[in-house]
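In the text below, chain A, chain B and the rest are named by the order of the sequence lines, each starting its count at 1. Just so you know, these numbers use all the heavy atoms, side chains as well, and skip hydrogens, waters and symmetry mates.
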There are 2 protein chains.
Amino acid sequence: MSQERSRHGGRNGQSVAASSTTSEERVIAAVNDEEPRWLSTMEQRAWRAHLTAHKLLEHRLDRDLQTFGLSVNDYEILVNLSESAEHRMRMSDLADATIQSRSRLSHQISRMEAAGLVARETCVDDRRGTFAVLTEHGWATIQQVAPHHVASVRQHFIDLLTDDQLRELEAAYSPVVTHLKSLR
Amino acid sequence: MSQERSRHGGRNGQSVAASSTTSEERVIAAVNDEEPRWLSTMEQRAWRAHLTAHKLLEHRLDRDLQTFGLSVNDYEILVNLSESAEHRMRMSDLADATIQSRSRLSHQISRMEAAGLVARETCVDDRRGTFAVLTEHGWATIQQVAPHHVASVRQHFIDLLTDDQLRELEAAYSPVVTHLKSLR
DNA sequence: CCGGAATAGTTGAATCTTCATCCATGTTGA
DNA sequence: TCAACATGGATGAAGATTCAACTATTCCGG
């Protein structure tokens, strides 16, 4: 397990070397010094509700998409491409849009390429670059699947909330997204 | 890719056999017949905010835990065990509590066992059963790591929301969780 | 009490993700 | 102009997750 590849393996968070401290070590020290601010009951409920809902939802949507031989990740890539000009995106933009590493996307696109859903095209302007492009089959697939996927999202999520709740949700997550994107 | 292992591979959602239809096929037919109810702008914003926030959050928390050689999944298992009587849980209860398949949990526990965080004990009452038990090292680990993890959750999520928003969040997700659990 | 079905959990192979590294191209500044 | 460096992306191995068996035990109807 991940224990083995700990970047701090064997030194347990305490600096052994001279007096130099990294910012990470200062953060750890700060937490070690203070009484932990545990979550209140309400905070815990909200946090666990988020986690639980997400896991169940992701699982259900994956199941529903499986009927069409797609994963949620496949679907999101197809959507992004289908919404882009000329049904194409640069690999790194697509990686950013779908929030995954370039490496992961590269493997992912290779698989989708093998399945005939997308194709790669090298970029003429910047010859390092690659475009992922929707194929005919990819375009047909997303058009066929999208209504079903939207129906799933409604059935298992959207339609269970009021408009106010949806607005609240977006308002609540917005700053979280902004904050986390600033850290990348 | 998953395209290959489609459970409906090659027949594209249309029944070929006589007149029998599965419930799944009826659902597909229902969507095919109706005009899709696409998401409104607001609905899409809420849905995408949820997805984006979750991905970024999960990634950040994983990074923060990596400092201690743990994944979020490791952490959740340790928490569950540490909150249980005698620091032990039956495998299937633990799988349910952490919302993962028995198979996945079994592999997961094997890895954590190799890392010395937990141990397996066979259940005496029901000799098919197995307990996952926290080891001394597992207990020490969760005690050391928990304050840091809570600090991360606060910093990247809880402390960015108001109390009202947290309450709203829980209220919004509650029915989703209930609904999805009823489907499993 | 027996035989079949259900339950608890494990296993190995296949798939997917992460990590580290690498190659090719582009950018910068001396 | 050219040597460093940065960027875009690909790759292979290692780690994690899923899928489809499979074993061992328990439960249940007759």
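DNA chain C lies under 4.0 Å from at least one heavy atom of each of the following residues of residues 90-107 of chain A: A:S103, A:R104, A:H107. Annotation: proximity of residues 53-62 of chain B to DNA chain D (heavy atom, distance under 4.0 Å) is found for no residue.
Counting to the nearest Å, the P atom of C:dT17 and the CD atom of B:Q66 are 17 Å from each other. One interatomic measurement links the two molecules: CZ of A:R120 to C1' of D:dG9, which rounds to 9 Å at whole-angstrom precision. For the pair B:D125 CG and C:dT7 P, the interatomic distance rounds to 19 Å; values are reported in whole Å. Summarising the geometry, the separation between CG on B:D74 and C1' on D:dG15 is reported as 12 Å, rounded to the nearest angstrom. Between the CG atom of B:D126 and the P atom of D:dC27 there is a distance of 6 Å, rounded to whole Å. In this structure, the CG atom of B:L65 is 16 Å from the C1' atom of C:dT18, given to the nearest Å.
With respect to the salt-bridge test (charged N to carboxylate O, under 4.0 angstrom), the residues B:E43 and B:R37 do not qualify.
For B:H54 and A:H50, the side-chain atoms include at least one donor-acceptor pair closer than 3.5 Å. Using modelled atom types, one finds no donor on one side chain facing an acceptor on the other under 3.5 Å when comparing B:D64 with B:Q155.
Nearest-nucleotide positions on DNA chain C for A:N73 and A:V124 put A:N73 closer to the 5' end. Residues A:S110 and A:G129 both approach DNA chain D. Their nearest nucleotides, taken by heavy-atom distance, put A:G129 toward the 5′ side.
Each of D:dG9, D:dT17, C:dG26 was ranked by its minimum atom distance to the side chain of A:R127; first place goes to C:dG26.
Atom CD of A:E83 sits in a crowded spot, with more than 12 heavy atoms from other residues, nucleotides or ligands closer than 6.0 Å. A:R127 CZ: 12 or fewer foreign heavy atoms inside a 6.0 Å radius. The neighbour count for B:R45 CZ, taken as heavy atoms of other residues, nucleotides or ligands under 6.0 Å away, does not exceed 12.
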**Request:** Would you please test B:H137 and B:T141 for side chain to side chain contact (heavy atoms under 4.5 Å, CB included) and show each step?
**Result:** CA-CA 6 Å; B:H137 177 230; B:T141 299; 3.5 Å; yes
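Put simply, B:Q108 has no side-chain N or O that comes within less than 4.0 Å of OP1 or OP2 on D:dA16. For A:R111, no side-chain nitrogen or oxygen approaches OP1 or OP2 of C:dT15 to under 4.0 Å. Between A:R63 and D:dC19 there is a side-chain polar atom (N or O) within less than 4.0 angstrom of OP1 or OP2.
Summarising the geometry, atom CD1 belonging to B:I142 is positioned 9.5 Å from atom CG belonging to B:L81; distances are rounded to the nearest 0.5 Å.
Placement of B:L56 and B:F157 within a single hydrophobic cluster is found when ILVMFWY residues are connected by side-chain heavy-atom separations under 4.5 Å, directly or transitively.
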